[in-house]
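Here's the structure, in structure tokens; my notes come after.
Proteins come first, then strands; the chains are lettered A, B, ... in the order of their sequence lines, and each starts at number 1.
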Number of protein chains: 2
Amino acid sequence: MTKTLQKRTLATHSKLLEAARAVISEKSFEALRVEEVVLRAGVAKGTFFSHFTDKDALMEQLISEHINAYLNDLELRKALNDVEDFVEALLPMINFMTSERYIFDLILRYSGAAAIEKVGDISMTFERHVKVVSSWLAVGPFRDDISPKLLAEGVQAFLVQAMALKFCALHNSESLEDRLLTYLKAWLTPTL
Amino acid sequence: MTKTLQKRTLATHSKLLEAARAVISEKSFEALRVEEVVLRAGVAKGTFFSHFTDKDALMEQLISEHINAYLNDLELRKALNDVEDFVEALLPMINFMTSERYIFDLILRYSGAAAIEKVGDISMTFERHVKVVSSWLAVGPFRDDISPKLLAEGVQAFLVQAMALKFCALHNSESLEDRLLTYLKAWLTPTL
DNA sequence: AGAATAAATTGACCGTGGTCAACACGAGCA
DNA sequence: TGCTCGTGTTGACCACGGTCAATTTATTCT
């Protein structure tokens, strides 16, 4: 039970996903319209909303697919020697996250500020990110007066801050990379 | 020039603001509908959009009014001795910012991720916040290997992080206050 | 096979933010 | 007083996300 008719359902579901991915690769995340997705998938509008709770849910799924791909790469990397390597490793993912303001806004909204009730896909990528970064911090030449997990949460906070400033009119003299470098050095290797 | 008919315009503008404030105090920020605001103000919908570029612009103004009131209080405070005082001082503002998810989302969206073209009201409150916090950090018993401004930017990053986690399903075992305390101690007073 | 049942799909409809060509109003001028 | 012109105002209209009672399609039972 709860698994009848699954064949047709799965087909429709993947048709919708395919259509959405097509729109995004041809245009952008921001330009995606539910209307166009259902048109391409050849289904009615209502069908979309019986497969995804809302448009954001689809977007969250598609965006976290990308993020998870970056995390897969990051997981393969061994310990990192210094902050420079750190930033260099994270840069591809950061570039994706800030490639569209729409993407960054959605990530921000669902990263931690996500629905209390249900843990979303993006929220889980943030969790995963903390784990990956923690593992690096546990063995690298970084401060050890606080736990790797706390350190990693800090890295995340500074990452978000640096990305946010990229979109800000007041602070675009310095590059995202330089800014992040400054933040992370101060956070990971304080020199009292 | 550019200032003819200003009397009528100003009257309409404040009618709109008053109506909006009334709706918010009776209901909430989230519950505000442009439709209702113009109805109460006794003007047409189009008028609203000749006074505010969009609904967010109105919200930004109203929210930053609140934030600026908190900042006025904070500016009066002299140097703070320790991290505990710090958190205690910031708490009222934090509580407002997280009193509605709608508010926090809007603040987040326009804090740094704001429009590149125009610097918005909320963006300016964040700027102001950094200044206030910097002035505290410059004289308090905190690390001095990095500039007060950089320290203050970090405080902001951790503040956002702590607030975001308040809305997160994964991390609501610890209170916002405790979490912030942990973050700020690690950031402001590292013990190598 | 046909009836009964469960589930997926449909599309007309709604709420709400936002647009814009037409219109009303007030100021300056003859 | 009446004409002109720039600006403020109007409200019908659009775009787009989301809903839901009705309908179609598959499944199970006899």
Side-chain angles (χ1 to χ4, degrees), chain A residues 1-20 23-24 27-63 102-103 105-106 109-110 115 117-118 120, chain B residues 1-20 23-24 27-63 100-103 105-106 109-110 115 117-118 120:
Chain A
M1 324 67 186
T2 69
K3 37 144 74 189
T4 44
L5 284 205
Q6 57 179 244
K7 208 116 132 246
R8 186 173 42 145
T9 308
L10 282 178
T12 306
H13 197 84
S14 56
K15 265 196 295 181
L16 284 168
L17 281 175
E18 271 323 298
V23 173
I24 288 167
K27 306 184 177 179
S28 67
F29 280 85
E30 180 168 23
L32 184 140
R33 297 283 169 274
V34 172
E35 185 82 41
E36 189 174 355
V37 171
V38 296
L39 219 72
R40 293 206 192 196
V43 299
K45 209 170 183 181
T47 302
F48 180 94
F49 292 98
S50 74
H51 285 262
F52 302 96
T53 53
D54 54 19
K55 186 187 166 181
D56 278 1
L58 167 68
M59 292 316 229
E60 215 190 328
Q61 184 178 334
L62 293 176
I63 288 176
Y102 179 86
I103 295 178
D105 280 354
L106 200 133
R109 189 145 22 103
Y110 290 104
E117 314 81 47
K118 202 193 161 292
Chain B
M1 325 64 183
T2 70
K3 38 143 79 186
T4 43
L5 284 203
Q6 58 177 243
K7 207 112 135 250
R8 187 176 40 147
T9 308
L10 282 178
T12 307
H13 197 84
S14 57
K15 265 196 296 179
L16 283 168
L17 280 175
E18 271 323 298
V23 172
I24 288 167
K27 306 185 179 179
S28 67
F29 279 86
E30 179 168 22
L32 184 140
R33 297 282 169 273
V34 172
E35 185 79 24
E36 188 174 356
V37 171
V38 297
L39 219 71
R40 293 206 193 195
V43 299
K45 208 169 181 181
T47 302
F48 180 94
F49 292 98
S50 74
H51 284 263
F52 302 96
T53 54
D54 54 20
K55 185 187 166 181
D56 278 1
L58 167 68
M59 291 316 229
E60 216 191 325
Q61 184 179 334
L62 294 176
I63 288 176
E100 278 184 50
R101 221 196 118 178
Y102 178 87
I103 295 178
D105 280 354
L106 200 133
R109 188 144 23 103
Y110 290 104
E117 315 79 48
K118 201 193 162 292

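Remark: side-chain polar atoms of A:Glu36 are not paired, donor with acceptor, to backbone N or O of A:Val23 under 3.5 angstrom.
Side-chain contact between A:Thr9 and A:His51 is present, with heavy atoms from C-beta onward closer than 4.5 Å. Considering only heavy atoms from C-beta on, B:Leu16 comes within 4.5 Å of B:Phe52 through its side chain. Between B:Lys55 and B:Arg33 there is a side-chain heavy-atom pair separated by less than 4.5 Å.
Contact between the side-chain N/O atoms of B:Thr12 and the OP1/OP2 oxygens of D:dG8 is not found at any separation under 4.0 Å. Within the 4.0 Å cut-off from OP1 or OP2 of D:dG8, not a single side-chain nitrogen or oxygen of B:His13 is found. For C:dT9, the OP1/OP2 oxygens have a side-chain nitrogen or oxygen of A:His51 closer than 4.0 Å.
Rounded to whole Å, the distance from CG on B:Leu58 to P on C:dG18 is 11 Å. With rounding to whole Å, B:Glu36 atom CD is found 14 Å from C:dG15 atom P. D:dG8 atom P lies 14 Å from atom CG of B:Leu16, rounded to whole Å. For the pair A:Leu10 CG and C:dA7 C1', the interatomic distance rounds to 14 Å; values are reported in whole Å. Following rounding to the nearest Å, A:Phe48 (CZ) and C:dA12 (P) show an atom-to-atom distance of 20 Å. Distance CG (B:Leu39) to P (D:dT10): 12 Å, rounded to an integer number of Å. Rounded to a whole Å, the CD atom of B:Glu30 is 12 Å from the P atom of C:dT16. One interatomic measurement links the two molecules: NZ of B:Lys27 to C1' of C:dT16, which rounds to 14 Å at whole-angstrom precision.
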Legend entry - Step-by-step side-chain contact (heavy atoms from CB on, under 4.5 Å) determination, A:Thr47 to A:Val38: CA-CA 8 Å; A:Thr47 302; A:Val38 296; over 6 Å; no
Legend entry - Check against side-chain contact (heavy atoms from CB on, under 4.5 Å), A:Tyr110 and A:Met59: CA-CA 11 Å; A:Tyr110 290 104; A:Met59 292 316 229; over 6 Å; no
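The salt bridge (Lys or Arg N to Asp or Glu O under 4.0 Å) test applied to B:Asp56 returns B:Arg109, not counting sequence neighbours.
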Inset, instruction - Determine, for nucleotides 11-17 of chain D in 5'-to-3' order, which nucleotides have protein heavy atoms under 4.0 Å from the base (write B), from only the sugar-phosphate (write S), or from neither (write -). - result: B----SB
